[in-house]
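Just so you know, these numbers use all the heavy atoms, side chains as well, and skip hydrogens, waters and symmetry mates.
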Amino acid sequence: MADKNEKDNSHLDIYLDRYELYQNNIVTTYYEGFQNAATQKRYEKINNVLAEGYLYKIMTELPDVDFQELSRENKTLLKRLVKGITSEVGRALVGVAFLQLTIKSIAPEQSIRLHKGTTRRGSFSWVDGISMRTIDSTYSTPFLREQGLLNVNKFGVFMTRSLAENYPYSKLYKAEMRGPFTEWIDLVDAIEEERMPAKLGLYYLMAQLKNKSDDFNRMAEEVVALAKEFKYKEFDCISGFMKSFFSETEYSARAFEIVIHGFMQAISESNMLGDLELVPISQMRSANKKHRNIGDVELKDGKVIVEAWDAKYGKPYLRDELEELRDKILTSPGVKVAGFIVDGEVDRRKDIVKRVEEIAFETGVEIQLLSFDEWLAYQTKHIAQTELDRISERWLLAVVESFVQRRPEIAPIDEPCEAWVQDLIKQLNAKKV
């Protein structure tokens, strides 16, 4: 065994037709080219086994699995991997790890470092590689989402482009990663070097994700009950609660979006939108331009967006945003009202006011720049106080149920919400005192 203080000389040599990975005094060669016959056979086997319900079978067997043969080091590694999931990062890496354990448990001879393989011309491929992206989007991600184990992008974990570089997965993989990268690569090494039994590792990772999900479900029950029992349901009390929540919780910008969308859910449930329909909230970090969104909150008349609001947490000066809004409006005929909602006071210096007037004149659209309180007043100006209090009750429940992912149609929130739910529980309990 090498001395711990000895320099790590791991490196990857790249040639025109091959990659040579030097790691732990072992050289492994990966040839570039079309899948060979043996790889095609393995790929077919993996797909067939998964199509027959392999992951569902693993799930049913889970309660009877004995993890004593899984080393403490491997258990710790898998736990650290799962703990690396936050509201912002980690899901894609855990999803890939789940996929790799699955592949290796079905076909032990398949390298899980090689994530690309094809017989089609024009696409990068390793001779011994398989299309992990295809397997994931067809089997792994749908299973994880359906079972509530990991809320990853519905199109698969490889939507994270940093996972798609043309290099074998190793500690030398240099794409910029956020999340438990070290744990993931340590896991890949442990599996490839046969220090972790793949199937037992898959059972254990599934158990960790399920336990996390069970904990989340318990929190969900608690926070929904607290919301339904909440005594201070006057509109001003609920709006104050919301401001306190999105200002103090983690990733406030996303929480701000969901609070605003939750308010419009309450308005919709109160039958106050007339013929208009609230559009479901977009996933976190979706590019508005790419997804043709004008704002975080959109109301449509048939298929036409007529009102749109974009939440801007911590950004009172909106000069650049106004130009982006103008571009969106010009490509979205039918919009009548559009604007921004800021958590604090809006910066209304002269250049901003002038540009708002210019865009409104050019497009014929009512442009509004409002603080959170101003936006609430704008939306409720024709609503009686007694009705407002009923709306506030629906608003609290809409926000809570959105965060605990019980409104998948109108609030398809894919990112983990544990931290937000914990903060909601904490603040709702504090109000009980």
Report summary line: CG of Leu205 to CG of Leu209, rounded to nearest 0.5 Å, is 4.5 Å
**Report entry** Carboxylate-amine/guanidinium contact Lys336 Glu307, below 4.0 Å
**Finding:** no
Requested in this report: Please indicate whether Glu109 has more than 12 foreign heavy atoms, meaning atoms of other residues, nucleotides or ligands, lying under 6.0 Å from its CD.
Outcome: yes
Report task. Apply the test side chain to side chain contact (heavy atoms under 4.5 Å, CB included) to residues Lys79 and Tyr204: give CA-CA distance (whole Å), side-chain angles for both, the deciding distance (0.1 Å), then the verdict. Result -> CA-CA 9 Å; Lys79 285 180 179 177; Tyr204 196 78; 2.9 Å; yes
Query raised in the report: Are any of the side-chain nitrogens in Glu321 or Lys315 under 4.0 Å away from the carboxylate oxygens of its partner?
Result: yes
Report task. Find out whether Ile267 and Ile391 are in side-chain contact, i.e. whether some heavy atom of one side chain is under 4.5 Å from a heavy atom of the other. Result -> yes
Query raised in the report: For atom CG of Asp66, is the number of surrounding heavy atoms from other residues, nucleotides or ligands below 6.0 Å larger than 12?
Result: yes
Report task. Taking all heavy atoms of Leu396 and all of Ala227, pick out the closest pair and write down the distance. Result -> CD2-O, 3.7 Å
Report task. Going by the salt bridge (Lys or Arg N to Asp or Glu O under 4.0 Å) test, name the single residue among Lys228, Arg407, Arg406 that passes it with Glu401. Result -> Arg407
**Report entry** Side-chain heavy atoms of Glu32 within contact of Val127, under 4.5 Å
**Finding:** no
Query raised in the report: Going by an N to O cut-off under 4.0 Å, is there a salt bridge joining Arg319 and Asp347?
Result: no
Report task. Can you see which heavy atom on Gly95 is nearest to which on Leu144, and at what distance? Result -> CA-CD1, 4.4 Å
Query raised in the report: So which heavy atom on Ile112 is nearest to which on Gln100, and how close?
Result: O-NE2, 3.0 Å
Query raised in the report: Do the side chain of Lys45 and the main chain of Ile106 share a donor and acceptor less than 3.5 angstrom apart?
Result: yes
Query raised in the report: Can you tell me how far CD1 of Ile329 sits from CD1 of Ile305, rounded to the nearest 0.5 angstrom?
Result: 12.5 Å
Query raised in the report: Distance from Leu325 atom CG to Trp309 atom CH2, nearest 0.5 Å?
Result: 10.5 Å
Query raised in the report: Between the side chains of Ser244 and Gln427, does any donor sit under 3.5 Å from an acceptor?
Result: yes
Requested in this report: Taking the side chain as every heavy atom from C-beta outward, state whether Phe340 and Leu322 have any pair of such atoms under 4.5 Å apart.
Outcome: yes
Query - Sidechain-backbone polar pair: Asn74 side chain, Leu70 backbone, donor-acceptor under 3.5 Å - result: no
Query raised in the report: With a 4.5 Å heavy-atom cut-off, do Glu183 and Lys83 have their side chains touching?
Result: no
**Report entry** Min side-chain heavy-atom separation Ile413-Ser402 under 4.5 Å
**Finding:** yes
Query raised in the report: Have Asp128 and Gln35 got a donor and an acceptor in their side chains that come within less than 3.5 Å?
Result: no
Report task. Output, in order, the C-alpha distance, side-chain angles, deciding distance and verdict of ring-ring contact (aromatic ring centres under 6.0 Å, His included) for Phe372 and Phe246. Result -> CA-CA 11 Å; Phe372 179 66; Phe246 65 63; 5.2 Å; yes
Query raised in the report: Is there a donor-acceptor pair closer than 3.5 Å between any side-chain N or O of Asp296 and the backbone N or O of Ala311?
Result: yes
Requested in this report: Could you tell me whether the side chain of Tyr22 and the main chain of Thr28 form a donor-acceptor pair under 3.5 Å?
Outcome: no
Query raised in the report: Have Tyr203 and Glu61 got a donor and an acceptor in their side chains that come within less than 3.5 Å?
Result: yes
**Report entry** Residues Val337, Val306; criterion side chain to side chain contact (heavy atoms under 4.5 Å, CB included); working and verdict
**Finding:** CA-CA 6 Å; Val337 180; Val306 296; over 6 Å; no
**Report entry** Tyr313 side chain reached by Glu257 side chain, heavy atoms, under 4.5 Å
**Finding:** no
Report task. Verify the distance criterion only: is there a donor paired with an acceptor across the side chains of Glu418 and Trp420 at less than 3.5 Å? Result -> no
Report task. Using the side-chain hydrogen bond (donor to acceptor under 3.5 Å, both in side chains) rule, pick out the option among Glu194, Gln110, Glu192 that qualifies with Lys104. Result -> Glu192
Report task. Quick one: closest heavy-atom pair of Val399 and Ile258, and the distance? Result -> CG2-O, 4.2 Å
Query raised in the report: Do the side-chain N and O atoms of Gln368 and Trp375 include a donor-acceptor pair separated by under 3.5 angstrom?
Result: no
Query raised in the report: Any luck finding a side-chain donor-acceptor pair between Tyr139 and Thr102 under 3.5 Å?
Result: no
Query raised in the report: Do Tyr167 and Trp126 have their ring centres less than 6.0 Å from each other?
Result: no
Query raised in the report: Are the side chain of Ser371 and the backbone N or O of Glu374 linked by a donor-acceptor pair below 3.5 Å?
Result: yes
Query raised in the report: Cation-pi between Arg254 and Tyr251: NZ/CZ under 6.0 Å from ring centre and within 45° of the ring axis?
Result: no
Query - Distance, nearest 0.5 Å, that separates CD1 of Ile185 from CG of Asp189 - result: 6.5 Å
Query raised in the report: Is the shortest side-chain N to carboxylate O distance from Asp320 to Arg355 below 4.0 Å?
Result: no
Query raised in the report: Thinking salt bridges, do Lys212 and Asp214 make one under a 4.0 Å N-O criterion?
Result: no
Query - Leu226 and Ile425, any side-chain heavy atoms less than 4.5 Å apart - result: yes
Requested in this report: Mark yes or no for whether Asp301, through its side chain, and Val304, through its backbone, hold a donor-acceptor pair below 3.5 Å.
Outcome: no
Query - Check ion pair Glu20-Arg18 (N to O, under 4.0 angstrom) - result: yes
Report task. For the residue pair His261 and Gln265, confirm or rule out a side-chain donor-acceptor distance under 3.5 Å. Result -> yes
Query raised in the report: Hey, are the side chains of Lys210 and Leu62 touching, using non-hydrogen atoms and a 4.5 Å cut-off?
Result: yes
Requested in this report: Take Met206 and Phe98, measure what side chain to side chain contact (heavy atoms under 4.5 Å, CB included) needs, and give me the verdict at the end.
Outcome: CA-CA 8 Å; Met206 190 179 289; Phe98 185 89; 3.8 Å; yes
Query raised in the report: How far apart are the closest heavy atoms of Ala198 and Leu101, and which atoms are they?
Result: O-CD2, 3.6 Å
Query raised in the report: Does a donor on one side chain and an acceptor on the other come within less than 3.5 Å for Tyr54 and Glu52?
Result: no
Report task. Could you tell me whether a side-chain N or O of Thr60 sits under 3.5 Å from a main-chain N or O of Lys57, the two making a donor and an acceptor? Result -> yes
Query raised in the report: Centroid-to-centroid, Phe230 to Phe241, below 6.0 Å?
Result: yes
**Report entry** Asp136 side chain to Met132 backbone, donor-acceptor under 3.5 Å
**Finding:** no
Query raised in the report: Using a distance-only test with no angle check, is there a side-chain donor-acceptor pair under 3.5 angstrom linking Glu193 and Asn24?
Result: yes
Requested in this report: For Ser252 and Thr249, indicate whether the former's side chain and the latter's backbone hold a donor-acceptor pair under 3.5 Å.
Outcome: yes
Query raised in the report: Going by atom types only, do Arg394 and Ser270 share a side-chain donor-acceptor pair under 3.5 Å?
Result: yes
Query raised in the report: Which pair of non-hydrogen atoms, one from Ala255 and one from Phe245, has the smallest distance, and what is that distance?
Result: CB-CE2, 4.1 Å
Query - From Thr141 atom OG1 to Asn153 atom CG, the distance as rounded to the nearest 0.5 Å - result: 8.0 Å
Report task. Would you confirm whether Ser125, through its side chain, and Gly33, through its main-chain N or O, come within 3.5 Å as a donor-acceptor pair? Result -> yes
Query raised in the report: When the ring centroid of Tyr31 is compared with that of Tyr19, is the distance short of 6.0 Å?
Result: no
Query raised in the report: Atom CD1 in Ile85, atom CD in Gln208: separation rounded to 0.5 Å?
Result: 10.5 Å
